[in-house]
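Keep in mind that the numbers below use all heavy atoms, side chains included, and drop hydrogens, waters and symmetry copies.
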Amino acid sequence: MAIATLNVIAVDCPDPTALARFYQQVLGGEIKNEGKPWVDLHLPGGARLAFQEAPGYVAPSWPSAKESQQLHLDLDVPDMAEAQEQVLALGAKALDLDDDGGKRDFRVFADPAGHPFCLIRP
C-alpha cells in the first residue's frame with residue numbers, strides 16, 4: 001500500500017512565470033498564479049508542475065562528476081528533429097545532441113533556467 005500520492009513536481013528557478021511559459025509551450029496546459037513567487041502549470045491529463053522563485057538560484061551543471069543534475073524531465077516526442085527545432089526556438093540550450101546516428105533514443109537540453117531535460121523517442 002502506498003504511503004502517499006504525488007501532488008506536484010516543484011522546480012526552483014529565478015523567474016517562475018517565464019519558466020512556466022516555456023514548459024507550457026512544450027507540454028501544453030494552463031498556467032495559474034502568473035507573476036507570483038510560486039507558479040503552477042496544470043498539464044493535460046492532470047499532472048502539475050510548479051515553478052518556485054529561488055533567490056540566488058544556481059543552475060545545475062550537466063554532466064558533472066562533482067555535482068548532480070538535481071532532477072530532469074524525460075519528454076516523449078513523436079518526431080525528434082521537429083521537437084528539437086521547436087524547443088531550441090523557445091530558448092532551450094542543446095547539451096548533448098549526439099544520438100549515435102539515431103541509435104540512442106534521447107537528446108539532452110537545458111531549459112531557459114538551466115535545468116536539464118531529455119527529448120525521448122518512444
Side-chain angles (χ1 to χ4, degrees):
M1 181 170 177
I3 294 171
T5 58
L6 180 65
N7 178 291
V8 64
I9 297 169
V11 180
D12 286 356
C13 60
D15 185 340
T17 297
L19 198 56
R21 287 180 183 155
F22 171 82
Y23 280 106
Q24 181 187 40
Q25 292 176 325
V26 173
L27 298 169
E30 180 183 356
I31 295 174
K32 295 191 177 177
N33 302 321
E34 283 191 69
K36 302 215 172 163
W38 179 281
V39 177
D40 291 304
L41 175 59
H42 294 263
L43 299 171
R48 181 169 57 117
L49 289 175
F51 304 93
Q52 174 177 274
E53 184 176 354
Y57 170 79
V58 176
S61 70
W62 186 96
S64 171
K66 295 179 184 176
E67 300 174 38
S68 78
Q69 57 184 315
Q70 298 172 12
L71 70 92
H72 71 274
L73 301 176
D74 286 345
L75 309 176
D76 289 344
V77 296
D79 182 312
M80 181 69 75
E82 182 178 342
Q84 175 177 312
E85 181 180 319
Q86 290 172 326
V87 298
L88 292 172
L90 292 172
K93 177 182 172 189
L95 296 179
D96 183 358
L97 302 183
D98 181 12
D99 65 358
D100 194 20
K103 294 178 189 171
R104 192 177 81 173
D105 292 335
F106 67 93
R107 295 180 187 170
V108 185
F109 302 83
D111 67 26
H115 302 99
F117 70 94
C118 296
L119 296 181
I120 307 284
R121 190 176 8 236

Which pairs pass side chain to side chain donor-acceptor pair (under 3.5 Å) with one or both residues in residues 89-98, sequence neighbours excluded?
D96-R104
Find out if a path of hydrophobic residues (ILVMFWY) with successive side-chain heavy-atom gaps under 4.5 Å connects I9 to F117.
yes
Provide the full list of salt bridge (Lys or Arg N to Asp or Glu O under 4.0 Å) pairs with a residue in residues 18-30, sequence neighbours left out, each pair given once.
R21-E34
Qualifying residues under salt bridge (charged side-chain N to carboxylate O under 4.0 Å, His left out), relative to D40, sequence neighbours excluded
R48
Could you check whether any side-chain heavy atom of L75 comes within less than 4.5 Å of a side-chain heavy atom of V87, counting everything from C-beta outward?
no
Enumerate the salt bridge (Lys or Arg N to Asp or Glu O under 4.0 Å) contacts for residues 107-122, please, sequence neighbours excluded, ordered by first and then second residue.
D99-R107, D99-R121, D105-R121
Could you grab the distance from atom CG of L119 to atom CD of Q86, nearest 0.5 Å is fine?
9.5 Å
Distance-minimising heavy-atom pair for A113 and A59
O-CB, 3.4 Å
Transitively linked via ILVMFWY side-chain contacts under 4.5 Å: F51 with V58?
no
If two hydrophobic side chains count as joined below 4.5 Å and joins carry through other members, does W38 share a cluster with F22?
no
Quick one: does Q24's side chain have a donor or acceptor within less than 3.5 Å of a partner on G29's backbone?
yes
Tell me the salt bridge (Lys or Arg N to Asp or Glu O under 4.0 Å) pairs involving residues 53-63, sequence neighbours left out?
none
Should V11 and V8 be regarded as members of a common hydrophobic cluster, given that ILVMFWY residues are connected when their side-chain heavy atoms come within less than 4.5 Å of each other, either directly or indirectly?
no
How far apart are the closest heavy atoms of L19 and C13, and which atoms are they?
CD2-CB, 3.6 Å
Looking at residues at least two apart in the chain, or sitting in another chain, which of them share a ring-ring contact (aromatic ring centres under 6.0 Å, His included) with Y57?
H115
Any non-hydrogen side-chain atom of F109 less than 4.5 Å from a side-chain atom of L88?
yes
